[in-house]
> 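I am attaching a structure below and will ask some questions about it afterwards.
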Amino acid sequence: MGRYVLKRLGLILPVLLGVSVVVFLVVRLTPGDPAKVMAGEHASPEFIEAIRVKWGLDRPLYAQYFIWLRSVLQGDFGTSIATHTPVLEELLQRFPATLELSLFAMTFAVLVGMTAGIISAVRQHSIFDYLAMTGALIGVSMPIFWLGLMLMFFFGLYLDLLPISGRLDPEISLRTITGLYLVDALITRNGRAFWNALSHLVLPGVALGTIPMALIARMTRSSMLEVIRQDFIRTERAKGLPERRVIYRHALRNALIPIVTVIGMEFGLLLGGAILTETIFAWPGLGRYTVDAVYARDYPAIQGSVLFIAFIFVVVNLITDILYAFINPRIRYG
Amino acid sequence: MRLSEKTQETLHVFFKNKTAVLGLCVLCAVIFVACFPWLLAPNDPLKRDLSLRYQPGFWAGQEFARFPLGTDYLGRCILSRIIWGTRTSLLVGCIAVFISTVLGVILGLFSGYLGGWLDIALMRIVDVLFAFPSILLAITIMAALGPGLEKAMIAIGIVYTPQMARIVRSVTLVLREMEYIEAEKALGASHARILWYHILPNALAPIVVYATLNIAGAILDAAALGFLGLGAMPPTPEWGAMLSGSNKALVSGAWWAVAFPGVAIMVTVLGFNLLGDGMRDLLDPRLRM
Amino acid sequence: MKNPVLSIENLKTYIATYRGFVRAVDGVTFKIREGETLGLVGESGCGKSMTALSILKLYPKPQGRIMEGAIYLDGEDLVLKGEEEMQKIRGKKISMVFQEPMTSLDPVFPIGEGIMEVLMIHQGMSRKAAEKEAIELLRRVAIPDPERRMHQYPHQLSGGMRQRAMIAQALACRPRLLVADEPTTALDVTVQAQILKLINDLKEEMQTSVLLITHDLGVVAESCQMVAVMYAGKIVEKAEVRELFAHPLHPYTRALLSSIPRVDGGKGRLEAIPGSVPDLINPPLGCRFHPRCRERLSICDKEEPTLKMVDKEHELACHLL
């Protein structure tokens with residue numbers, strides 16, 4: 001298994017490199033003087049020149065790339081045109097918000113989706129099965145931002161049950177250590193902050209997690225059905241094991257293997273969806289930062305955040321691959 | 001028109017599959033709306049009337065029947081905008097997927113058939129493109145190209161190309177090894193001929209299924225871009241764009257400005273998903289390549 | 001005569017399909033005594049596997065149903081028992097091993113765990129006790145280095161070892177009856193002999209009876225005391241092994257025997273049985289074998305022959321005698 005992990009690590013390096021090339025090229029391909037693009041439309045001529053020198057914009061393209069890459073590896077993602085702060089700093093500050101939202105959404109998606117999928121598979125062709133799968137199909141067909149808006153309207157404005165913007169009400173104070181408000185509230189035993197932060201997480205989290213949940217439900221169902229058909233399930237029943245054990249201990253463990261891969265892929269969907277959800281719910285995370293940057297034509301910020309998000313995505317996929325190798329004995333024990 | 005036995009049989013099985021048929025019906029309705037908007041729309045989709053902003057629709061009473069689904073923040077008829085927006089969304093979805101399918105098929109065929117360093121290089125590029133969540137990639141491309149519907153089509157087309165390329169490549173890899181290809185080569189058939197007459201027709205099944213499912217995704221992505229203001233430019237009615245900036249609408253209580261365009265998106269995407277799923281079930285044994 | 005361990009009387013298991021009921025098992029009767037191995041022979045599709053599954057009530061549900069008949073295990077009728085009661089019997093009083101050991105073992109479970117599961121659930125053993133017993137069982141089925149092997153996964157073992165592991169699993173609780181559905185068909189010839197011998201040895205050691213299902217008459221000759229020949233869901237002949245091979249009476253039995261190449265000579269042609277297996281939804285009227293039978297009489301397509309005792313321990317269902 002160690003070899004497998006090393007192999008996967010080796011594979012992602014060229015991918016990360018390729019990602020950096022794409023990010024670099026996209027911005028450089030924008031029409032107009034790249035120095036102006038990077039410095040901002042309202043920058044002074046001296047500033048534009050300084051940018052031109054710093055990023056070597058009068059040098060050939062490949063040289064520019066290496067200058068840029070070297071800076072990135074040293075932690076310099078450039079400076080945001082809008083806020084004049086180093087981009088990396090802004091990204092790291094917003095990262096925990098997106099992480100917390102994504103984890104919440106993913107947990108919701110996995111718990112609800114897998115449960116629904118298992119029940120659907122075990123009670124195939126029942127009413128639950130048809131309803132669940134229809135629901136899942138509808139879930140996959142709706143635009144995530146629309147779902148967010150409808151949830152916001154219904155629960156937030158109409159029923160006034162849950163908050164619809166931000167992570168915490170302004171009057172609540174919380175000492176942040178990790179940046180994950182739920183965790184911080186637990187660590188500092190701040191009960192009020194915990195529940196407040198949780199209430200803020202619900203609407204965007206459910207909106208974000210619904211589509212992955214629907215996909216996971218469908219995938220779990222088909223994987224379980226596939227596994228239950230296998231010969232060894234018959235053997236387990238022939239051993240006189242209670243049906244519950246057959247399903248949960250034997251069938252599910254086998255069905256999980258392909259599901260884990262799907263969950264990893266879902267994370268990409270999640271990150272993309274976070275961009276939209278954060279915009280709607282005024283969630284101060286990476287997604288919203290990216291969108292704001294695009295509106296403001298803040299190219300250093302766009303570059304930095306796209307690179308950052310893609311990097312996270314690649315890392316998550318790597319973790320998924322490793323997890324997969326871990327739970328599949330055929331790979332773990334060659 | 002006499003269809004071959006095989007086609008007849010395929011159609012017979014297809015129509016037995018209820019999901020596929022349902023999807024087809026939904027899509028026919030949608031296409032109808034897209035083709036004849038002037039027949040169906042009660043009002044001019046572009047006409048503004050600020051005195052009629054955020055009017056509710058027929059549920060609020062007879063006097064609101066003129067704008068059956070209400071009006072938006074500029075007093076425009078939502079139903080008419082939805083109807084006229086149908087062709088926009090369908091066009092964007094279909095053209096984007098068309099681009100990605102053509103590109104993907106070409107890349108996949110060459111990559112799978114010729115193999116070697118071309119294959120490795122192309123698949124590395126595909127891996128890199130896959131390293132981006134699709135909306136992010138679309139936004140990034142749009143950041144470089146600038147806003148606009150045509151640019152959105154290109155961006156989304158690029159986003160969906162890698163998936164199609166991978167699928168076509170894996171099918172090609174399997175087909176390449178089949179014996180009748182060897183036989184053809186022995187008869188002196190050129191590579192081009194083999195690709196066009198033998199490999200491509202057999203790869204058609206998964207291509208069609210995934211293209212259909214991709215249209216669903218493309219429409220969603222196009223709507224997302226529209227929502228972010230990166231797609232259709234105002235005042236063009238486009239479903240996603242109709243939802244942008246709608247926080248204000250909700251705060252004013254005008255939920256209809258948000259609900260109905262979204263339902264339109266959902267129904268159309270559902271139609272494509274149903275059709276695609278149905279086709280996939282139909283071709284399933286053959287998809288297990 | 002000792003009381004039989006298993007006694008099946010007029011068992012009928014039908015499977016519902018769109019085209020009608022498949023009469024997979026259509027009136028099967030036989031007994032297995034203590035310490036005895038009964039071979040159930042027939043071509044594919046004759047219903048022998050379904051008979052085996054019916055004993056443990058593992059036929060596909062809800063399509064499959066036992067329509068009629070009784071299955072007595074030590075005097076108790078299994079047909080009347082509910083699912084929960086059956087779960088207490090499976091793996092404990094009656095066990096089953098299957099044909100394909102690779103696909104019949106859970107790929108994510110170490111083989112030791114599979115055995116321990118049975119011990120812990122049916123005999124309430126603690127984990128530690130079960131572990132010790134599992135190692136002993138693996139040793140008994142001649143798997144070398146059992147302490148290490150028990151932590152291995154099925155894909156890490158050879159075909160023969162997997163089958164041994166399955167047998168260990170099945171015999172862990174010393175069941176009264178072991179149902180073996182083509183246990184050696186998927187194995188190499190040399191390994192086949194080993195497995196059959198293993199089953200035999202364990203049978204004697206644990207006083208277990210065996211229902212051995214196979215299409216291979218050679219296997220029957222080697223391991224069984226009694227044999228029942230099945231065709232199209234019915235038993236056509238039943239006898240002691242030597243008797244059957246010496247005096248096969250049913251045309252089908254004779255055809256089966258003559259289609260085996262014999263080492264001891266006879267340069268006669270190998271006979272294939274003409275025709276194909278009948279449709280079990282609408283089986284032929286009268287004797288089910290009559291369309292393929294050379295010695296067909298005029299009565300054979302009108303009246304179904306019933307199983308009658310023609311000699312000591314030799315039963316036959318045919319109009320010819």
Side-chain angles (χ1 to χ4, degrees), chain A residues 1 3-4 114 118 120-130 220 223-261 263 322-334, chain C residues 49 52-53 55-62 83-111 113-123 151-157 162 165-166 169-170 172-173 175 178-179 181 186:
Chain A
M1 163 140 155
R3 262 184 18 182
Y4 180 85
M114 272 187 68
I118 295 173
S120 289
V122 171
R123 296 187 200 284
Q124 202 188 3
H125 301 310
S126 67
I127 304 242
F128 182 89
D129 186 18
Y130 280 125
T220 304
S223 185
M224 282 291 283
L225 284 177
E226 180 83 30
V227 166
I228 290 181
R229 273 184 355 196
Q230 303 283 321
D231 286 343
F232 65 86
I233 295 292
R234 188 182 52 180
T235 310
E236 303 301 330
R237 290 197 178 122
K239 276 156 70 171
L241 299 181
E243 188 69 6
R244 180 156 276 232
R245 196 178 167 101
V246 173
I247 300 286
Y248 286 102
R249 237 180 140 208
H250 290 274
L252 187 58
R253 290 251 302 229
N254 278 275
L256 268 179
I257 296 177
I259 294 176
V260 161
T261 316
I263 291 182
I322 295 179
L323 207 64
Y324 175 85
F326 192 72
I327 64 176
N328 186 349
R330 267 184 253 228
I331 301 191
R332 194 163 161 208
Y333 299 106
Chain C
S49 288
L53 290 175
I55 297 175
L56 280 174
K57 290 203 171 161
L58 285 177
Y59 44 77
K61 304 180 182 103
E83 180 64 16
E84 283 210 23
E85 292 179 275
M86 284 307 295
Q87 279 174 8
K88 298 208 184 79
I89 292 179
R90 293 180 198 134
K92 190 166 174 190
K93 300 238 183 78
I94 308 182
S95 285
M96 193 156 170
V97 294
F98 297 92
Q99 179 174 343
E100 276 280 5
M102 184 62 226
T103 56
S104 298
L105 288 170
D106 187 340
V108 305
F109 248 58
I111 54 169
E113 281 286 333
I115 303 175
M116 283 163 60
E117 228 182 348
V118 183
L119 292 167
M120 291 192 288
I121 289 195
H122 286 306
Q123 298 187 337
H151 297 296
Q152 286 190 330
Y153 292 88
H155 69 274
Q156 295 173 285
L157 302 171
R162 279 182 228 137
M166 243 209 317
Q169 210 178 235
C173 297
L178 173 69
V179 180
D181 191 353

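The structure displayed is predicted, hence computed values, not measured ones. The chains referred to below are lettered A, B, ... by the order of the sequence lines, with proteins before strands, and numbering in each begins at 1.
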> Is the number of heavy atoms from other residues, nucleotides or ligands under 6.0 Å of A:F326 CZ greater than 12?
no
> How long is the gap from NZ on A:K239 to CG on C:L56, to the nearest 0.5 Å?
14.0 Å
> Would you say NZ of C:K93 has more than 12 non-hydrogen atoms from neighbouring residues, nucleotides or ligands within 6.0 angstrom?
no
> Identify the two heavy atoms, one from C:P107 and one from A:P329, that lie closest to each other, and give their separation to 0.1 Å.
O-CG, 3.6 Å
> Strictly distance-based, threshold 3.5 Å: is any side-chain N or O of C:S104 a donor or acceptor partner for the main-chain N or O of A:T235?
no
> Select one option (side chain, backbone, both, neither) describing which atoms of A:I257 are under 4.5 Å from chain C's heavy atoms.
side chain
> From A:F232 CZ over to C:E100 CD, what is the distance, rounded to the nearest 0.5 angstrom?
14.0 Å
> Taking C-beta and beyond as the side chain, do C:Q87 and A:R245 meet within less than 4.5 Å on heavy atoms?
no
> So which heavy atom on C:M96 is nearest to which on A:A238, and how close?
CB-CB, 4.2 Å
> Counting heavy-atom pairs closer than 4.5 Å to chain C, which one of A:E236, A:R253, A:Q230 comes out on top?
A:R253
> Contact part of C:M86 toward chain A, heavy-atom cut-off under 4.5 Å: side chain, backbone, both or neither?
neither
> What part of C:L58 lies closer than 4.5 angstrom to a heavy atom of chain A: side chain, backbone, both or neither?
side chain
> If I take atom CG from residue C:L105 and atom CG from residue A:D231, how far apart are they, to the nearest 0.5 angstrom?
10.0 Å
> Tell me, out of C:K92, C:H122, C:K88, C:M166, who's got the most heavy-atom pairs with chain A below 4.5 Å.
C:H122
> Which atoms of C:Q169 come close to chain A, meaning under 4.5 Å heavy atom to heavy atom: side chain ones, backbone ones, both, or neither?
side chain
> Hey, is the main chain of C:H155 close enough, under 3.5 Å, to the side chain of A:R330 for a donor-acceptor pair?
no
> Of the listed residues (C:T103, C:D106, C:V97), which shares the most heavy-atom pairs with chain A below a 4.5 Å separation?
C:D106
> Roughly how far, to the nearest 0.5 Å, is the CZ atom of C:R90 from the CZ atom of A:R237?
8.5 Å
> Determine whether more than 12 heavy atoms belonging to other residues, nucleotides or ligands lie under 6.0 Å from atom CD of C:E84.
no
> Do A:L256 and C:V108 touch side chain to side chain, with heavy atoms closer than 4.5 Å?
no
> Is C:L53 in contact with chain A via its backbone, its side chain, both, or neither, using a 4.5 Å heavy-atom distance?
side chain
